[in-house]
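Reviewing the structure listed below.
Just so it is clear: chains get the letters A, B, ... in the order the sequence lines come, proteins before strands, and each one is counted from 1.
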Amino acid sequence: MVVFHVNGKERRVDVTPDTPLLWVLREKLGLAGSKFGCGEGLCGACTVHVDGQPLRSCVTPVGDVRGKKVMTIEGIPENHPVKKAWLAQEVSQCGYCQPGQIMSAVALLKKKPKPTDADIDSAMSGNLCRCGTYGRIRRAIHAVGAGASTKGGKKP
Amino acid sequence: MSEGTGISRRQFIKTSALAGGGLLLACHIPFGNRDAAAAGEASFAPNAFLRIGTDESVTVIVNKSEMGQGVYTSLPMLLAEELCCDWQKVRFQPSPVAPEYNHAQFGPIMVTGGSTSVRSEWERLSLAGAAAREMLIAAAAGRWKVGPSACRAENGVVLGPGGKQLSFGKLAASAAKLAVPREPRLKTGARKLLGKPLHRLDSPAKINGSAIFGIDVAVPGMLTAVIARPPVFGGRVKSFDASGALAVPGVKRVLAVDAGVAVVGDGFWPAMNGREKLQIIWEEPEESKISTSAMREEYARLSATPGLPARKDGDAPAVLSAAKKRFEAEYEVPYLAHAPMEPLNCFVDLKADSCLIRTGSQFQTVDRNAAARVAGLKPEQVTLETTFLGGGFGRRACTGSDFVIEAVQVAKAIKLPVKVIRTREDDMRAGYYRPMWYDRITACLDDKGLPLAWHHRIVGQSIIAGTPFESAMVKDGIDDTSVEGAANTPYAIPNLQVELHSPKNAVPVLWWRSVGHSHTAFVMECFLDELAHAAGIDPFQYRRRLLAKHPRTLKVLETAAKKAGWSKPLPRGHGRGIAVHESFGSFVAQVAEVSIDKKGQLKVLRVVCAIDCGRIVNPDTIKAQMESGITFGLSAALFGAITLKNGRVEQGNFHDYQLVRMQGMPKVEAYVIDSNEPPGGVGEPGVPPIAPAVANALFAATGARVRSLPITAEKISVALGKG
Ligand code: FES
Ligand code: FES
């Protein structure tokens, strides 16, 4: 039995502790927003926050998050500035990578509310997007940094 | 309005009565109204593509798979424009697999591909919207006892004389009792939705984690399977020992299927752990032990011999043999994996007389029929529900239905709902690649420096040969997808000969975003660039001269050059390259600006893109698709290669099959030409020009001509050493 918090609620799961957090979230807790892209920490589709830090849940054994606070895409409020900016910039294409992108972006903006291009490069380069939404992700992050999204954002 | 689809209005409007009392356009519809009837709403479902609820909701049923290209917004926009509804009330719903949802041009199958969604559905959805609008107007006119011409529809409301108005929802029930107009008239006057950068209807679900992709499908009691696959193409299981796998907690079954040995568990992780413990002896046929290095030699040898003719203007060989100076080059591109971010997967629930499949398919009818065959059912007994696709790029329109068949085989054996998931490595090593190509071109110039003769031999596997589409798509031995973009080049070359060799081998190949154009644009646009430099003419001006009879190609070329500041000076170590290519009914030019540092590191800094895709639906979607195609093509230009050694695929995951990441992403500017031409595609045409634009920019910056993709630091230094 592993006990930890997910999106503010205590959860108990009966799995072997070596099971990656990603599959516990997806299959045991019904939180399928975190995606499987590579299983090796190479693509960022599975990014969640553990005690506020972005982490690749596909390579994080659930045993390692015992007692910790996990936040997934499902825990990001609908009116979060990052989500609003994502909509305003019309970032999503297939959408598969986007939960991971958003989790990385939320973590970046928490640490650096006005990130530079270099900050974005280093914080976001672990998140692949096969659809090529990088330019819009960069714009959306800058828009949050500039506080633009709260004023309705700029149309793409 | 008839261009593009080839269907006449009369064919289109075949009405038939429905169980629910409504009427349908298009064909006999077992499904169009099914959901409405099931929901018990008194809704108006005048055709297979539309349902209007008494709650004012407008649901557009979309027969195309959403894989990033925005069809769940662009297709509803087409219908809504003619319906004159309130866009805020529009919802989308994926269609079931049924004849009325077949592709409007490709014959009796439901498929999303060839960048055809908008252009093939434009007329059908416009008419569907127009017919419904006329019925709503007729219903209102009937109630007000006035002629329909005294009424008009706007923003979800029918307006009548004296300020009378009734909403679509209030009219739905009475409109449903009316006959469907035989010749609905399309709107005249200003467009309300088309041409506007409307927000995508599917974005909210995609950013809050609620969008369901195939891999997210789950039902109570479902098991999850992974399959251990042979190390080589054509390999088979000789024998296996399942005891170790079965000892893993959570592993339920181990069984052989055609694809290998399936390990079924009560979750992905137990199945994976079980797979690790499997002992399998594989049978590896001799012909499976392919190496791409040996293939390359074979292809080079073939390129020196005549192939089947794909185009013959004038007499290129004769002109070339008489020429004083000849230019010759070999170009090559490797196998490529589609590598959609969502690895392939498929959910199947197979019962004695029915089968439910939920997956991200681009090829629904083909997949459904394949499933029926494997399950021993009739196609009508198989229901295929299309989920969101975490990228498709052609891989989910598999001529072999590989990911569906294996899941049905597992389901058939275990008799429980099951989802088969491929790991990234499974996905990348399972084939269905963009073919590897080898091209040899010889050319000579006239006294003005323009190409006088061009003799081009293409060597590579046919995607279509050996599939059920061969009889329709391969003519006189020429698979058009092998030569598209070369055999039909717009450049004015008086003596042009294109030949094709289609060698066969065990590596499965498939259409990969932009198909043949993904290699022909690279070859054509780079070699043309070589000729321009040889003639001492600016490569942009050189192309202009050769495109005088192709105004649309010319226009995008000039637009991209202008917006990029083509003739503006650049710092040392920087270069600009240009390329233009027509594909899927659209014209795209791109200018890439690159830099190269002292260590020989190539960086793509900026890409300016111009597209003419005819009449447009949503300009922002078009720009997004250009950004997308450029990124996709850039990954191939800089990194992409699937290689085989002794039959084994040497790549497996994103460390050795790299994609462009945020830090390597250039600035992209996309310009959409204002055009009234018939609509063209946008999903694929952004891909072909980027590799040649970058290779040409590299040459402009350094003098290094790299004729092989991907453009690696090593190839650059070799080219520089030679140059
Ligand atoms: S799935 Fe975790 S990083 Fe790719
Ligand atoms: S939106 Fe498709 S992978 Fe990023």
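Neither the backbone nor the side chain of B:S210 comes within contact range of chain A; no heavy atoms are under 4.5 Å apart. Interface remark: A:I120 contributes backbone and side-chain atoms alike to the contact with chain B (heavy atom separation under 4.5 Å). The contact between B:A339 and chain A is made by backbone and side chain atoms together, counting heavy-atom distances below 4.5 Å. Contacts between A:T133 and chain B at a heavy-atom distance below 4.5 Å are absent for every atom of the residue. B:L634 does not touch chain A: none of its heavy atoms, backbone or side chain, sits under 4.5 Å away. For B:Y657, the part lying under 4.5 angstrom from a heavy atom of chain A is the side chain only. Interface remark: A:I76 contributes no atoms to any contact with chain B (heavy atom separation under 4.5 Å). With a 4.5 angstrom heavy-atom cutoff, A:Q101 does not touch chain B via any of its atoms. Looking at B:P204, the atoms closer than 4.5 Å to chain A (heavy atoms on both sides) sit in the backbone and in the side chain alike.
Side-chain atoms of A:E78 and B:N208 include a donor-acceptor pair closer than 3.5 Å.
For the pair B:H199 (side chain) and A:L87 (backbone), a donor-acceptor distance under 3.5 Å is present. Side-chain atoms of B:S628 come within 3.5 Å of backbone atoms of A:C131 as a donor-acceptor pair (strictly under, hydrogens ignored). Distance alone, capped at 3.5 Å, is enough to place a donor-acceptor pair between the A:E90 side chain and the B:R200 backbone. Panel note: side chain A:R130, backbone B:G391; no donor-acceptor pair is recorded below 3.5 Å.
In terms of heavy-atom pairs under 4.5 Å with chain A, the best-connected choice from B:G267, B:A624, B:A211, B:G209 is B:A624. The most heavy-atom pairs under 4.5 Å with chain B, out of A:M124, A:K83, A:H80, A:E74, come from A:K83. Counting heavy-atom pairs closer than 4.5 Å to chain B, the top-ranked of the candidates A:I137, A:L42, A:I102, A:T72 is A:L42. Comparing B:V668, B:D427, B:N653 by how many heavy-atom pairs each has under 4.5 Å with chain A, the most go to B:N653. For the set B:F388, B:F268, B:F632, the count of heavy-atom pairs under 4.5 angstrom toward chain A peaks at B:F268.
Looking at A:R26 and B:D216, their side chains come closer than 4.5 Å, going by heavy atoms from C-beta outward. By the 4.5 Å heavy-atom criterion applied to side chains, A:S92 and B:I207 are counted as neighbours. B:M662 is listed as a side-chain neighbour of A:R138, based on a closest heavy-atom distance under 4.5 Å.
Smallest separation of non-hydrogen atoms from A:E27 and B:T224: OE2-OG1, 3.9 Å. Residues B:F654 and A:G37 share a closest heavy-atom pair of CE1-O, 3.8 Å. The minimum heavy-atom distance linking A:Y96 with B:P343 is given by the pair OH-CD, 4.1 Å. Scanning both residues, B:R424 and A:F36, for their nearest heavy atoms gives N-CZ, 4.2 Å. Contact record, A:G95 with B:F213: C-CZ, 3.9 Å, taken as the closest heavy-atom pair. Here the closest heavy-atom approach between residue A:D18 and residue B:W269 is recorded as OD2-NE1, 3.6 Å.
Taking the ring centre of A:Y134 as origin, the terminal cationic atom of B:R661 falls outside the region bounded by 6.0 Å and 45° from the ring axis.
Atom SG of A:C43 and atom CE of B:M341 lie 4.0 Å apart (nearest 0.5 Å). Within the model, atoms SG of A:C94 and CE of B:M67 stand 10.5 Å from one another, a figure rounded to the nearest 0.5 Å. The structure places CD of B:E342 at 12.0 Å from SG of A:C97, a figure rounded to the nearest 0.5 Å. Taken from OG1 in B:T631 to CG in A:L128, the straight-line distance is 11.5 Å, to the nearest 0.5 Å. With values rounded to the nearest 0.5 angstrom, B:I215 atom CD1 is found 8.0 Å from A:K35 atom NZ.
For B:K196, the NZ atom sits in a packed shell: over 12 heavy atoms of surrounding residues, nucleotides or ligands are nearer than 6.0 Å.
Under the side chain to side chain contact (heavy atoms under 4.5 Å, CB included) test applied with A:Q93, the options B:E66, B:Q69, B:K206, B:Q625 reduce to a single match, B:Q625.
Salt-bridge check for A:D117 with B:K667: failed, with every basic side-chain N at 4.0 Å or more from each acidic carboxylate O.
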**Request:** Determine, stepwise, if the pair A:K28 / B:D266 fulfils salt bridge (charged side-chain N to carboxylate O under 4.0 Å, His left out).
**Result:** CA-CA 10 Å; A:K28 297 283 171 190; B:D266 57 11; 5.5 Å; no

